[in-house]
Amino acid sequence: MKSLITSLAALAVATSFSLAAEPKKPAAGADKPKADPEKMFAKKDANGDKSVSLEEFKAGSKDAAKSEESFKKKDKDNDGKLSLEEFKATGGKKNK
């Protein structure tokens with residue numbers, strides 16, 4: 001019985017050391033560099049007219065309604081398109 005308890009204790013200690021030795025994984029996106037708003041703007045500006053229309057902004061979005069709402073908040077002069085300055089003013093955050 002004493003040898004069984006000793007064996008189990010040794011196994012428990014060995015397991016805890018092996019788990020402690022594993023490197024921790026960084027949180028998802030923790031080491032991901034921030035996206036450059038100018039590059040994001042250029043990517044969204046499909047026709048190259050130096051502005052992003054609502055249609056261009058919503059392209060590839062998973063939630064068109066959410067993207068439209070975000071677009072309207074960014075479009076400070078309400079001209080129906082985003083300038084680079086408007087896009088950058090809110091961080092140029094991409095909508096999913």
Side-chain angles (χ1 to χ4, degrees):
M1 183 73 172
K2 193 174 186 180
S3 64
L4 178 63
I5 292 173
T6 304
S7 296
L8 289 175
L11 182 60
V13 169
T15 302
S16 64
F17 279 127
S18 69
L19 292 175
E22 289 183 25
K24 293 184 180 180
K25 294 179 183 176
D31 60 344
K32 188 176 182 180
K34 290 197 173 201
D36 180 10
E38 291 182 18
K39 287 182 182 177
M40 290 175 59
F41 182 84
K43 193 173 187 177
K44 287 280 188 188
D45 183 15
N47 63 3
D49 67 351
K50 307 289 185 212
S51 64
V52 175
S53 67
L54 176 59
E55 291 75 25
E56 289 172 324
F57 192 78
K58 291 190 315 186
S61 174
K62 293 180 183 175
D63 187 343
K66 196 178 224 183
S67 292
E68 187 167 347
E69 181 181 327
S70 178
F71 180 89
K72 288 178 181 179
K73 287 179 184 177
K74 292 173 185 277
D75 186 14
K76 298 298 181 190
D77 61 3
N78 295 316
D79 64 351
K81 55 188 175 182
L82 298 179
S83 65
L84 177 58
E85 290 74 31
E86 288 173 319
F87 192 80
K88 287 170 56 175
T90 54
K93 292 187 179 173
K94 185 177 180 179
N95 292 317
K96 294 181 180 179

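None of the values given here were measured: they were computed from a predicted structure.
- The CZ atom of Phe41 lies 8.5 Å from the CD atom of Glu56; values are rounded to the nearest 0.5 Å.
- Among all heavy-atom pairs drawn from Phe57 and Val52, the shortest one is N-CG1, 3.7 Å.
- Of the inter-residue distances, the one linking Asp63 atom CG with Lys58 atom NZ reads 10.5 Å to the nearest 0.5 angstrom.
- The only member of Glu68, Lys74, Lys66 that meets side-chain contact (heavy atoms from CB on, under 4.5 Å) when paired with Ser70 is Lys74.
- With rounding to the nearest 0.5 Å, the separation of NZ in Lys50 from CG in Leu84 is 9.5 Å.
- Note: Lys81 NZ to Asp45 CG = 10.5 Å, rounded to the nearest 0.5 Å.
- Note: Lys73 NZ to Leu82 CG = 13.5 Å, rounded to the nearest 0.5 Å.
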